[in-house]
Enquirer: 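The structure's right below; bear with me while I get my questions together.
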Amino acid sequence: MLIDSSPVLRLQYAMLDSTITTSSVPTDHLPSHNLIVAIDGPAGAGKSAVARRLAAELGALYIDTGAMYRAVAYTALFVGTDLSDPLALTGLAEEIRIELRPPTLENPETVRVLVDGRDITEHIRTPAISQLTSTISAVSGVRKRLVNEQRQMAASGSAVMEGRDIGTVVFPNADVKIFLTATPEERARRRQLQLQETGKSVDFDELVREISERDTRDSTRADSPLVPASDAQVVLTDGLSEDEVVQLLREICLKKVQQ
Ligand code: DC
């Protein structure tokens, strides 16, 4: 197996392999050192599902860094931190303990997010928290704290880490760097389908506008803007299914470890 993280986790991923993946990576091709796969890209490009599945295929830890920024935003709101005070937000980020629990066999699609032992998973994906997270993630002190945590999380084994600055800031020496993206229209179309499945209808142009605004905010902030690392492989997912993207990334990883 690829990683030297806990046996329980390895077993869990090995078991997940058979349930949520199409094929597994032949272990004789894997490197003896920990493999770090950085997956960056804008919101709505499908990073989470693809990164989670790829991690299961590789037997690596899946780390959703966006969930960590969301955890800080939600906790700030919950405890009444002054949202306009960068020092207070930094202090909060330094104080709290964020835990990401990997998917389980019963719940293969959900990473559970805990702050100081309290499970906040169900609260961090609302539109209000998404907006607040986008603002809070521009605070340098918050970023510094979370980047340190992210480096430590990946210290004990192979990891597929998903975010905005993984290939540029968190792991500039990552073995594999992917910038996963899709046009705003494609991302709006996917989001519209998701919303329709839950019985909600939204205006397509409005969705495109929101997505483009968030892209602009994330890619123009001063600290760690959303840009592809110079050595990242840019993957445009327009017209590709999730299975096809996982397959493509798996091939990129295999090519890398065979070098
Ligand atoms: O991936 P996501 O939608 O859960 O991310 C939520 C917000 O956090 C988004 O506005 C971008 C920000 N983020 C970031 O600045 N850096 C990361 N590594 C991950 C997320």
Side-chain angles (χ1 to χ4, degrees), residues 36-55 61-77 83 86 89-90 92-93 96 98 100 103 109-115 120-154 159-172 174 177-182 184 187-188 190-191 194-195 207 210-229 232 237:
I36 301 290
V37 180
I39 302 187
D40 292 302
K47 294 189 303 293
S48 297
V50 163
R52 196 181 59 238
R53 287 181 53 183
L54 184 70
L61 192 61
Y62 163 56
I63 302 174
D64 173 2
T65 62
M68 299 171 76
Y69 288 94
R70 286 174 184 272
V72 175
Y74 173 76
T75 308
L77 202 60
L83 302 175
L89 291 167
T90 301
L92 177 78
I96 60 176
I98 303 172
L100 301 181
E109 298 194 350
T110 310
V111 170
R112 302 221 67 90
V113 184
L114 284 78
V115 168
I120 58 165
T121 314
E122 309 306 329
H123 305 290
I124 60 170
R125 311 249 169 227
T126 63
I129 296 297
S130 296
Q131 287 303 330
L132 184 61
T133 309
S134 178
T135 311
I136 279 181
S137 62
V139 176
S140 291
V142 171
R143 298 203 73 82
K144 195 166 167 221
R145 163 68 177 181
L146 295 189
V147 166
N148 276 339
E149 292 278 314
Q150 288 153 16
R151 289 183 181 143
Q152 281 172 27
M153 280 174 167
V160 176
M161 193 175 283
E162 170 220 331
R164 305 292 190 286
D165 59 341
I166 312 305
T168 51
V169 176
V170 184
F171 285 112
K177 294 186 190 179
I178 307 287
F179 192 84
L180 202 67
T181 189
R187 287 185 274 146
R190 291 177 192 166
R191 182 78 187 128
Q194 272 175 355
L195 290 169
L207 274 179
E210 272 175 26
I211 286 170
S212 301
E213 273 172 21
R214 207 162 146 201
D215 284 358
T216 306
R217 201 165 46 227
D218 286 345
S219 54
T220 56
R221 70 179 173 219
D223 190 345
S224 315
L226 170 69
V227 284
T237 64

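Along the sequence shown, the residues carry numbers beginning at 1. In each ligand, atom 1 is the first atom listed, and ligand 1 is the first ligand listed.
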Enquirer: Just to verify, what does Tyr74 make a ring-ring contact (aromatic ring centres under 6.0 Å, His included) with, not counting sequence neighbours?
Expert: Phe78, His123
Enquirer: Side chain to side chain donor-acceptor pair (under 3.5 Å) with Thr216: which residues, sequence neighbours excluded?
Expert: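 Not a single residue meets the side chain to side chain donor-acceptor pair (under 3.5 Å) criterion with Thr216.
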Enquirer: Pick one: which of Leu132, Ile124, Ile136 meets side chain to side chain contact (heavy atoms under 4.5 Å, CB included) with Arg70?
Expert: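 By the side chain to side chain contact (heavy atoms under 4.5 Å, CB included) criterion, Arg70 pairs with just one of Leu132, Ile124, Ile136: Ile124.
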Enquirer: I need the contact residues for ligand 1: any residue with a non-hydrogen atom closer than 4.0 Å to the ligand, ordered by chain then number.
Expert: Thr65, Gly66, Tyr69, Arg70, Arg125, Thr133, Ser134, Ser137, Arg143, Gly163, Arg164, Asp165, Arg214, Asp218, Arg221
Enquirer: Using the side chain to side chain donor-acceptor pair (under 3.5 Å) criterion, which residues pair with Gln150? Sequence neighbours excluded.
Expert: none
Enquirer: Decide side-chain contact (heavy atoms from CB on, under 4.5 Å) for Ile129 and Leu77; before the verdict, give the C-alpha distance in whole Å, the side-chain angles of both, and the deciding distance to 0.1 Å.
Expert: CA-CA 9 Å; Ile129 296 297; Leu77 202 60; 3.9 Å; yes
Enquirer: Okay, side chain of Arg164, backbone of Leu226: is any donor-acceptor separation there less than 3.5 Å?
Expert: no
